[in-house]
Amino acid sequence: MKSDTNPAMNSDTNSTISPDTNPAMNSATNPAAASPPKVSIAAVRQEFDGLEAGTETGQSRAVAGRLMLRRVQGKVAFGTIQDSTGRLQIFAPAARTFEFAKFCECSIGDWLEVSGEIMTTRRGELSVRADHWQVLARTENPFPDKWHGLADVDTRYRQRYLDLWVTEQARETFVLRSRLLSETRSWLEAQGYVEVETPILHPIAGGALAKPFVTHHEALDKDLYLRVAPELYLKRLVIGGMEKVYEIGRVFRNEGLSTRHNPEFTLLELYCAYGNYETMMDLTKELIVHLAQSLLGTLRLIYGDRELSLEEPSGVRVSGDAGPANSSASERASVSAPTSTPAPALASAPAGTPWRRVTMTQLLHEKLGVEFGLDTPLEDLRSLCRQHEVLVQEWWGAGKLLCELYEKTCEPKIWEPTFVVNYPLEVSPLAMECPEQPGWTERFELIIAGREVANAFSELTDPQQQRERFEAQASYRQQGDLEAMPIDEDYLKAMSYGMPPTGGLGIGIDRLAGLLANQHAIRDVLLFPTLR
RNA sequence: GCCCCUCUAGCUCAAUUGGCAGAGCAACGGACUCUUAAUCCGCAGGUUCUGGGUUCGAGUCCCAGGGGGGGUACCA
């Protein structure tokens, strides 16, 4: 299904192969070459679409790519040449083909340039007649089995350059990923967001609860950490007056590998001054809807063997065309006044944000049938955690226990897009506390198909409160929590110059790409995943 | 980290209860002027992941190690 909706393989109809960049093509091995136009295979298919069997067009073209199949049959040979835009048959009759015997000796996997008349065979297959041809590069190793392809998944990842030729799904996925990044950037920039690059080497690994990689700078004789999140630098930029700022970049977390985790992965983080977690919910939904529409042309996805609708459950239609879907979002995102009266979290969703919103405690109540709060006795929470196979640490408070319980029992069961709102302050050291609910924060995670796709909050802007949060983290750290955040004095100093109300958002690009490309394993959306 | 599965020709896979190591594709030689994974004939291809053990005899059973996969824990 995805191959029908993914235009990636047909999009490059105009590209040409520049003779200037391929001097080998003009070598003396092909003296009679009349230099027909060099075009992509998709361009040939488009220009000569619908010819009847046995047609000779009188038009010559040159194509280049790898030889993927070969059928030699006495005085005539057939081949299949593939470039990044598709496949085309090569028709090579001995009487017309330059050095016919040598052509027949080409190996599957050799890079060829073939030029000649575009025609159809008696069976009607569109072909380029190999009047002239030359080898651009030979393969010394046999190419993967033409029928089975690469069955060994390890080889697919270790030799991705083969996988890309042989596994069509892989090519489509990575083109989709590229377009996802490009669409995300243009959509954000249309709304006034500025892309920046912040340091990857951090003196302090902050901005997320995660174990960092450590490295060492020789000249400074100082340990540095690969960033676990760009958050604290981006917020420094908000303090610096970059009101709408974002970064798409690699972050690094020194944790286990799994189908959902790679030690390095791509995170989109954005910050919007004068915004809050409500505006981030709107923006998140608008962005994801726009990406699905523009990349797939639909909001009804297939994920695994299940349907996954990004449409609002009430049946209210979102504009079905793939045109700019950002007009309402840009209005909302350009809030110019501080949001003095944020709506209560569970008020009926404003128009345009129909995805379900539900608090973490409400989900826990639905799932376990018990009312929970931060005043629930710790022993009760601990025993519930143990019942659900959560490994409890002694320093965990009620907030952490509730969050763990939610992640274990509720999160994997959520299928339709759902904003889970109001996270415990204990696990949200950078988020603003709910004004009327002490111990809870204005934070949400967007869950789709049981996976966390986005995480966002109204940023904590008060430097004194931030210091207290850091100190609490430091105490967890002393008790053995390696993921707790260290105190970042430099960030506190920046905050002390005044930080405006700010909404912040993080989106896991790999997971989003997997969602749209119907790929469950993170290594299938990473060109070169970390392997053992 | 823990649990389970897997490893045989370049590739994809067979091999009955422990009894001569096999096929297709690729390669190589040959036939063939319209094929679509072309077809046909021929030829060649092996430290059965490694090291021990049981046995008259081990690809097969046992032990240890290694590569890979899946699940699980931390985590996004």
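In what follows, chains carry the letters A, B, and so on, assigned in the order in which the sequence lines appear, proteins first and then strands, with residues in each chain numbered from 1.
When the C1' atom of B:U35 is taken as reference, atom CG of A:L69 falls 11 Å away, rounded to whole Å. One atom, CD1 of A:I447, and another, P of B:A76, lie 11 Å apart when rounded to the nearest Å. A:R87 has its CZ atom 19 Å from the P atom of B:U35, to the nearest Å. Summarising the geometry, the separation between CZ on A:F100 and C1' on B:C32 is reported as 11 Å, rounded to the nearest angstrom. With rounding to whole Å, A:E411 atom CD is found 14 Å from B:C74 atom C1'. Rounding to whole angstrom units, CG of residue A:L67 and C1' of B:A26 are separated by 13 Å. We find that CD1 of A:I90 is positioned 17 Å from C1' of B:U33, with the value rounded to whole Å. Remark: P of B:U35 and CG of A:L88 are 18 Å apart, rounded to the nearest angstrom.
Of the residues listed (A:F213, A:Y225, A:Y233), the one engaging A:H202 in a ring pair (Phe, Tyr, Trp, His ring centres under 6.0 Å) is A:Y233, and it is the only one. Paired with A:I118 under the rule side chain to side chain contact (heavy atoms under 4.5 Å, CB included), one option of A:V44, A:V63, A:T55 passes, and it is A:V44.
Salt-bridge formation is not detected for the pair A:E269/A:R227: no Lys NZ or Arg NE/NH1/NH2 atom is positioned less than 4.0 Å from an Asp or Glu carboxylate oxygen. Ion pairing between A:R260 and A:E452 fails under the 4.0 Å rule for side-chain N and carboxylate O.
Across all strands shown, B:A64 forms a Watson-Crick or G-U wobble pair, both distances under 3.5 Å, with B:U50. Under the Watson-Crick or G-U wobble criterion, with both distances below 3.5 Å, B:U12 is paired with B:A23. Look at B:G42: its Watson-Crick or wobble partner, with both distances under 3.5 angstrom, is B:C28. Shown here, B:U72 forms a base pair with B:G1; the pair counts as Watson-Crick or G-U wobble because both key distances fall under 3.5 Å.
Taking the side chain as every heavy atom from C-beta outward, A:L430 and A:L460 never approach each other to under 4.5 Å. You'll find the side chain of A:I200 stays beyond 4.5 Å of the side chain of A:R250, heavy atoms only.
Rounded to whole Å, the separation between the C1' atoms of B:A9 and B:C43 comes to 15 Å. Here the separation of B:A58 from B:C2, taken at their C1' atoms, is 31 Å to the nearest Å. Taking atom P in both B:C32 and B:G24, one finds a spacing of 23 Å when rounded to whole Å. Here the separation of B:A23 from B:U8, taken at their C1' atoms, is 13 Å to the nearest Å. Straight-line distance between the C1' atoms of B:C41 and B:C5: roughly 42 Å, to the nearest whole Å. Of the C1' atoms belonging to B:C63 and B:A27, the separation is 40 Å, rounded to the nearest Å. Going from the P atom of B:C25 to that of B:C40 covers 7 Å, rounded to whole Å. A distance of about 14 Å separates the P atoms of B:C49 and B:U12, rounded to the whole Å.
Counting only heavy atoms from C-beta on, A:V72 has its side chain closest to B:C32 among B:A26, B:C32, B:U36. Comparing B:C34, B:U36, B:A76 by their nearest atom to the side chain of A:Q89 picks out B:U36.
Between the side chains of A:Q362 and A:R357, no donor N or O sits under 3.5 Å from an acceptor N or O.
Within the structure, every side-chain polar atom (N or O) of A:Q73 is placed at least 4.0 Å from both OP1 and OP2 of B:U39. In terms of phosphate contacts, A:R71 brings no side-chain nitrogen or oxygen within less than 4.0 Å of OP1 or OP2 of B:U35.
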**Message:** Working note: A:E426 + A:K400, criterion salt bridge (Lys or Arg N to Asp or Glu O under 4.0 Å); need CA distance, chi angles, decisive distance, verdict.
**Reply:** CA-CA 6 Å; A:E426 183 183 344; A:K400 175 71 171 170; over 6 Å; no
**Message:** salt bridge (Lys or Arg N to Asp or Glu O under 4.0 Å) for A:R382 and A:E379? Distances and angles first, verdict last.
**Reply:** CA-CA 5 Å; A:R382 282 175 182 153; A:E379 245 346 288; 3.2 Å; yes
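Comparing A:E105 and A:V390, the nucleotide of RNA chain B nearest to each residue sits closer to the 5' end for A:E105.
The base of B:U35 is not paired with the side chain of A:E125 by any donor and acceptor separated by under 3.5 Å.
Nucleic acid contact class of A:F91 (heavy atoms, under 4.0 Å, all strands): base. Nucleic acid contact class of A:N262 (heavy atoms, under 4.0 Å, all strands): base. In this structure, A:R70 reaches the sugar-phosphate backbone alone: every heavy-atom distance under 4.0 Å involves primed, P, OP1 or OP2 atoms, never a base.
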Please enumerate all protein N or O atoms sitting under 3.5 Å from an N or O of nucleotides 66-73 of chain B, with distances to 0.1 Å.
residue, atom, partner, partner atom, Å
B:G68, OP1, A:R158, NH2, 2.6
B:G68, OP1, A:R532, O, 3.4
B:G70, OP1, A:R523, NH1, 3.2
B:G70, OP1, A:R523, NH2, 2.2
B:G70, OP2, A:R523, NH1, 3.1
B:A73, OP1, A:K408, NZ, 2.4

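Both geometric conditions, a ring-centre gap below 5.5 Å and a plane tilt below 30°, are not fulfilled together for A:F78 over the base of B:A38.
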